[in-house]
Amino acid sequence: MTLSRSADSVVVLDFETTGLSPNQGDRAIEIGAVKLVNGEVVDQFQQLMNPGFRVSSFIEGYTGISNNMLRTAPPCNEVMDAFADFIGDANLVAHNASFDQRFLDAELADIGRHYTGTFTCSMLIARRLYQHAPNHKLGTLVDFKHIEHNGVFHRALADSEMTARLWLVMLEDIKRQYNLHTVSFELMMKLAKTPKAKIDTLFHRYA
DNA sequence: TGCCAGGCCCTCTTTAGGGCCTT
């Protein structure tokens, strides 16, 4: 049962894409991910991919990924096939996971691959844990929690690394605040869906 | 042709609207 696994053994991932919705024809242009085992980074994945059409100037400016960089990148199907091998049966974390899940589902469906892990969302959890943060954008939370970073934003590996560090900080904050020795992935999934007024009740059931 | 995301979450809510977050 994958949900009973410790929450510090997951794959944290981030997509850069041509836009906001695969239903509108948008495609992935970069995937970045780090694999955590017992809270340590044991592997990482980063690859640009050619979506088969030119990306907008907005996306070039937003991500720093140019059409020239994508021209020589391997196609999405090759990259996503390798990425499906990378994630294996791990549980998955992303910041605003509904976005990344839509693209992962769409790109893997294109090549007939599947994953067996379960997604949860660092943003939904951060909204519950850090209700006094200025906002819950990834970059803001990294500053709010004084998490080290290299200044690179909106690139897939850099964002997945920052999300992973935020994830581990949230686990430590939960353990300290609620006096827990371990935190399961299932507990984090429940936290992401628990109304703010009932968070203490949730943790007391696990204490 | 013209349109164009989608889910969460709050509130002056639930017969709804709008901000937040992701690219």
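Everything quoted here is computed from the prediction, not taken from an experiment.
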One thing to verify: whether A:R155 and A:D14 come together as a salt bridge, which I'm taking to mean a side-chain N less than 4.0 angstrom from a carboxylate O.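 Salt bridge: no.
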
Flag the pair A:R27 and A:D110 as a salt bridge only when some basic side-chain nitrogen lies within less than 4.0 angstrom of an acidic carboxylate oxygen.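 Result for this pair is yes, salt bridge flagged.
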
Rounding to an integer number of Å, can you tell me how far [X] [atom1] sits from [N] [atom2]?
X      : N      : atom1 : atom2 : value
A:R155 : B:dT23 : CZ    : P     : 13 Å
A:D105 : B:dG6  : CG    : C1'   : 13 Å
A:F119 : B:dT22 : CZ    : P     : 15 Å
A:F53  : B:dT23 : CZ    : C1'   : 12 Å
A:D159 : B:dC21 : CG    : P     : 15 Å
A:I59  : B:dT22 : CD1   : C1'   : 11 Å
A:L70  : B:dT23 : CG    : P     : 16 Å
A:D100 : B:dG7  : CG    : P     : 15 Å

If you only use heavy atoms from C-beta on, which nucleotide in B:dC8, B:dT23, B:dC21 is closest to the side chain of A:H95?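 Of all the options, the side chain of A:H95 is nearest to B:dC21.
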
Give [X] one of three labels, base, sugar-phosphate or nothing, depending on what nucleic acid heavy atoms sit under 4.0 Å from its own.
X      : answer
A:D14  : sugar-phosphate
A:T18  : nothing
A:F103 : nothing
A:I29  : nothing
A:N135 : sugar-phosphate

A:H95 and A:S122: side-chain donor and acceptor closer than 3.5 Å?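 Their side chains do contain a donor-acceptor pair, which is all the 3.5 Å distance test asks for.
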
Distance check, [atom1] atoms only: [N] and [M], in whole angstrom units.
N      : M      : atom1 : result
B:dC21 : B:dT15 : C1'   : 29 Å
B:dC20 : B:dT1  : P     : 37 Å
B:dG18 : B:dC12 : P     : 15 Å
B:dC4  : B:dT23 : C1'   : 15 Å
B:dG17 : B:dT13 : C1'   : 9 Å

In terms of ring plane angle, is the pair A:H204 and A:Y178 parallel, tilted or perpendicular, where the classes change at 30° and 60°?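 Taking A:Y178 first and then A:H204, their aromatic rings stand perpendicular (interplane angle over 60°).
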
More than 12 heavy atoms of other residues, nucleotides or ligands under 6.0 Å from CG of A:D85: yes or no?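 Yes.
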
Answer yes or no: does a side-chain N or O of A:H136 lie under 4.0 Å from OP1 or OP2 of B:dC21?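 Answer is yes, contact under 4.0 Å.
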
Is it true that A:F153 and A:H149 have ring centroids separated by less than 6.0 Å?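 For A:F153 and A:H149, the ring centres are under 6.0 Å apart.
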
What's the shortest heavy-atom distance between A:C76 and A:E107, and which atoms?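 For A:C76 versus A:E107, the nearest heavy atoms are CB-OE1, 3.7 Å.
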
Considering all heavy atoms, the nearest A:L141-A:A133 contact: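 The pair with the smallest heavy-atom distance is CD2-CB, 4.1 Å.
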
Dump every N/O contact between nucleotides 1-5 of chain B and the protein below 3.5 Å, one line per pair.
unit_1 : atom_1 : unit_2 : atom_2 : d
B:dC4  : O2     : A:Q24  : OE1    : 2.5

Let me spell it out: for each of A:N96 and A:K196, pick the nucleotide of DNA chain B with the closest heavy atom. Which residue's pick is nearer the 5' end?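 Result: A:K196.
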
